[in-house]
Amino acid sequence: MEIPKTYDPKQAEESHYSRWEREGCFAPEANSDASAPVYSIVIPPPNVTGSLHMGHALQHTIMDVLTRYHRMRGFRTLWLPGTDHAGISTQIMVERQLKKDEGKTRHDIGREEFTARVWKWKEQYGGEITRQMRREGASVDWSRERFTMDEHLSRAVREFFVRCYEEGLIYRGPGMINWCPKDQTALSDLEVDKESQAGKLYYLQYPVKGSDRRVTVATTRPETMLGDTAVAVSPKDERYKELVGQTLILPIVGREIPVVADEFVDPEFGTGAVKVTPAHDPNDYALGKRHDLPQVQVIDQFARMTAEAGAEFQGLDRYEAREKVVEKFEELGLLEKVVDYEFAITKCNRCRTVIEPLISTQWFLKQAELGRAPLELIRDKHEPRFVPENPYEKVYENWLAGLYDWTLSRQLWWGHRIPAWYDEAGNVYVARTEEEARARAGTDKLEQDPDVLDTWFSSALWPISTLGWPNEDSADLKTFYPTSVLVTARDIIFLWVSRMMMTGMKFEGRKAFDDVFITGTIFDKHGQRMSKTKGNGVDPLDVFDKYGVDATRLVLASIGSTDTRWNDNQVESYRNFANKIWNAARFCLLNSEGAQVGRGFEGEPAGWSLQDRWIVSRLNKTARDVRRAIEEYNFHEAVYSLYHFFWDDFCDWYIELSKSDVTAGDTSPERDAARSRVLTVLEQALRLLHPFMPFITEELWQRLPGVGRDSLHAAYRAADVTPTVMLTEFPRADESLIDERAEEEMRAVIELVSRVRNIRTELSVKPSEEVRLVIGAGGNGLGNIFNASLAQIKRLTRAGEVDIKDSLADVPRASARAVLAGGAEVAVPLEGLIDFAQERARITREREKQEKELQKTEAQLSNPNFVERAPAEKVEELRRRAAEVSQRIKALGEMLEALGE
RNA sequence: GCCCGCUUAGCUCAGUGGUAGAGCGCACGCUUCACACGCGUGAUGCCGAAGGUUCGAAUCCUUCAGCGGGCACCA
């Protein structure tokens, strides 16, 4: 068999995914065990316009590890994929293309034609991210792929809307909303970002009617004064007590406006008097409602001044108007001062345009009521369980505790159209279909509301709608809901996570997911957030190309929930690990004649060799640790265990210890058994690695002799699929095969080999040169252990002759010596190579180290407080260590003597 | 203003009430019949600062500093 010396990730990545998909390996139906427990995840649907970034790759890796792991455990496992129609982003993208290609706007071609174009765009380009997910190895069930604008999901959206409307949770009315003057739509508070900005604070004076007095107000937006309908002060503010109830003359405009008292005003800030513009500020809007103030709209939807602002301002941009207002105040002598001031401005998080707060008639949802059940659940039962719990559970709870109305309607064309119809008299009919609305209205002359719903409205239903809701008979809904875990980034806890909980609780009466895993954020190497505009993003596809998907997945899994600076070094090291796996398998396969997976470990473990008992113990311990780590979402620990098991235990020791047996020239049952054992351990290791490294493990597993249908987990044996490692059983952690004694004995062998290697290097013995070893085993059983592994010890230390004695009594003076655990010692006679002074110095150094250690332990042991209060086992452990260390010191002293003066 | 996180080897990060860890990098030596994307050996840290709790603190508590984040306010 030809096996290249270097692993080629591309080859493996192109070889297996389409078969897995085609044969239905990802679908829960592959599992024929009717009693199997269920494990399900719905993907956070990426924008259909999007392409894969590191954040996706991170989430997908975590979800895929969990999915593959549970599938191999025999769970009926579903990971459901899909995409989001992403209202604004998609619409903007298609509008831009329309402008570029045909020089037209959406209004030129009309709503119907435009939405048709978006659908066409979606069909043509929308699959980008799903193709990329296949590249990642994501084991999602593509047969259940969903899109938020699918007919079924749209039906769910209408159902959600209508039911909430009927219960009075959704209403239409005027309200203060965030308006994006560029995108020409209302936005929710979660779709805008606050940014601090260096600006100015203007102190404006308003004359009091019938008096010389002036009231000074401070503002960052002087242009809004044209719409002022009051000035407010704190009711507790003595300075303004007499002014309350009096009238001011609004400069420029000449309008008479009252001075009102309101708790909202902070007397400490600015002048303690606040200009009130109910039509252009959320706080002023609320204040205006409390005091029944008129709303004067002076800024329009294009952020230009209206006729209400006065003839000389009408049509001016808001910033031009600002300058002009300030000039006017200066002319009038009413501009008290202007100071530099840093304040927050609100920007559209799509186009970065400064938001204009406007009063507008929109549809709203009373979130507070929907949020009550999730709030109780998190407070009473800490469900769902957040990982990491800190700080996310609290963040989530605090959010639910302070919910306000959600602006649902968007003035866009791409999205779910609001299921509300108006008759000629303006009466509204909210219905699941137009027919229903007509029937209710008793007329066919109805106009549907032109607006669409916030994209997150459909996202809020994702776990239930993708599984079949509102069809309560849906088998998927019954089987897979609630989902097991939601894996996502922290920035959509409010936008999405909390809302899925609301709809799940409301419509299914149960939480949408048991756990919520929040991934970390990946920064660039300078600690900056990766972003398209900064151009500092690392493209996962490039990393895949350079290092392979499996290596990248290991890095991402290790990142888990930690914030990390991206670093190619780590990917490179896991690329090397993949190559290590490849070559370990290459070695096994090149020596596989006569061998088969599953053989070689016959009989009782007690009869096996030390190295066999040891590797089986290590394997089962690793399986135990990896299982526990995955179940605790501690992916880093799982990767760490796998890495060290495979590289250190399996490659550096087990294969090296087995090499002489495995590579024996002549065919023999012993040779074949040794070969089978190495293959069997390899096969188990590939299973352990598979959830993290699906491609290389499958590529290698397919080549192993003796694997096939019988290797599959019982639940998958009936499936009509090519046998695959992904449907084998994840290695059990068999406690009875964890052998502490074998591990301890193996540690003694490893220490012996390491000490001899150390001597060889320190004394510059040529690697090719054979040495003689004399082992003083101390007569307590270690001799037998070393004896049993003699051939291996010789090979690993490149020793020709090994004498195992009780002590080093009659070893030649010209020997390098080292102490080992358990009272054993080793000497390497090196006539002619030994510089006695240097060797004495080496051993003296070692003795000093041990003496320091002894001092520390003895100091602790002589502390009566420690001996009395520390747990007995800790004291005992320290005593043992002290004994061991003094034993070593004694032995080192004897070695110095033996070296002579 | 309130809250949270981080601070450990040159770099990126694990870890944990009881002898300081990994990978990369570094030094030295190796064409050892799977792998130089390798093998072997080695060096490297008052675990951000100061207090406290404890027999024992890098780990728990308090305060502080630097960095990062969230929420509220921002007239």
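Every chain is numbered from 1 and lettered A, B, ... according to where its sequence line falls, protein lines coming before strand lines.
- Across the protein-nucleic acid pair, A:Ile559 atom CD1 and B:A14 atom C1' stand 13 Å apart, rounded to whole Å.
- In terms of the side chain to side chain donor-acceptor pair (under 3.5 Å) criterion, A:Arg845 has no residue partners (sequence neighbours excluded).
- Side chain A:Arg575 to base B:C37: a donor-acceptor pair is found below 3.5 Å.
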Please test A:Phe695 against A:Phe544 for ring pair (Phe, Tyr, Trp, His ring centres under 6.0 Å), starting from the C-alpha separation and ending with a verdict. CA-CA 12 Å; A:Phe695 294 112; A:Phe544 292 165; 9.0 Å; no
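- Within the 4.0 Å cut-off from OP1 or OP2 of B:C74, at least one side-chain nitrogen or oxygen of A:Asn283 is found.
- Side-chain proximity of A:Arg565 to the nucleotides B:A34, B:G40, B:C13 is greatest for B:C13.
- The base of B:A22 is not paired with the side chain of A:Gln570 by any donor and acceptor separated by under 3.5 Å.
- At most 12 heavy atoms of other shown residues, nucleotides or ligands fall within 6.0 angstrom of atom CD in A:Glu593.
- Among the protein residues, A:Pro864 comes within range of no part of the nucleic acid, since none of its heavy atoms lies under 4.0 Å from any strand.
- Rounded to an integer number of Å, the gap from A:Lys766 NZ to B:G40 P is 22 Å.
- Counting atom types as modelled, A:Lys5 pairs no side-chain N or O with a base atom of B:A36 as donor and acceptor under 3.5 Å.
- Contact annotation for A:Thr6: base contact, defined as any heavy-atom pair under 4.0 Å involving a base atom.
- Set against B:G38, B:A34, B:A14, the side chain of A:Lys659 has B:A34 as its closest nucleotide.
- On a pure distance criterion of 3.5 Å, a polar donor-acceptor pair joins the side chain of A:Lys580 and the base of B:C35.
- Out of B:C74, B:G18, B:U12, the shortest distance to the side chain of A:Asn567 is found at B:U12.
- Between A:Tyr574 and A:Phe692, the gap from one ring centroid to the other reaches at least 6.0 Å.
- Residue A:Arg798 places its side chain closer to B:U32 than to any other of B:A14, B:U32, B:U19.
- Partner of A:Glu853 under the salt bridge (charged side-chain N to carboxylate O under 4.0 Å, His left out) criterion, out of A:Arg881, A:Arg847, A:Arg888: A:Arg881 alone.
- Looking at A:Val339 and A:Tyr203, their side chains come closer than 4.5 Å, going by heavy atoms from C-beta outward.
- A stem is defined here as three or more consecutive Watson-Crick or G-U pairs, each with both distances under 3.5 Å; for RNA chain B these stems are B:1-7 with B:65-71, B:10-13 with B:21-24, B:26-30 with B:38-42, B:48-52 with B:60-64.
- Within 4.0 Å (heavy atoms only), A:Thr564 reaches sugar-phosphate atoms of the nucleic acid but no base atom.
- A sub-4.0 Å separation between OP1 or OP2 of B:U19 and a side-chain N or O of A:Lys856 is absent.
- One finds a side-chain N or O of A:Asn758 lying less than 4.0 angstrom from the OP1 or OP2 phosphate oxygen of B:G42.
- Between A:Asn576 and the phosphate of B:G38, there is a side-chain N or O to OP1/OP2 separation shorter than 4.0 Å.
- The side chain of A:Lys874 lies closest to B:G18, out of B:C74, B:C37, B:G18.
- Side-chain atoms of A:Gln11 and A:Asp8 include no donor-acceptor pair closer than 3.5 Å.
- Taking only side-chain atoms of A:Thr562, from C-beta outward, the nucleotide of B:C74, B:G18, B:C13 with the closest atom is B:C13.
- For the pair A:Lys659 and A:Phe587, the cation sits on the ring face: its NZ or CZ lies under 6.0 Å from the ring centre, inside 45° of the axis.
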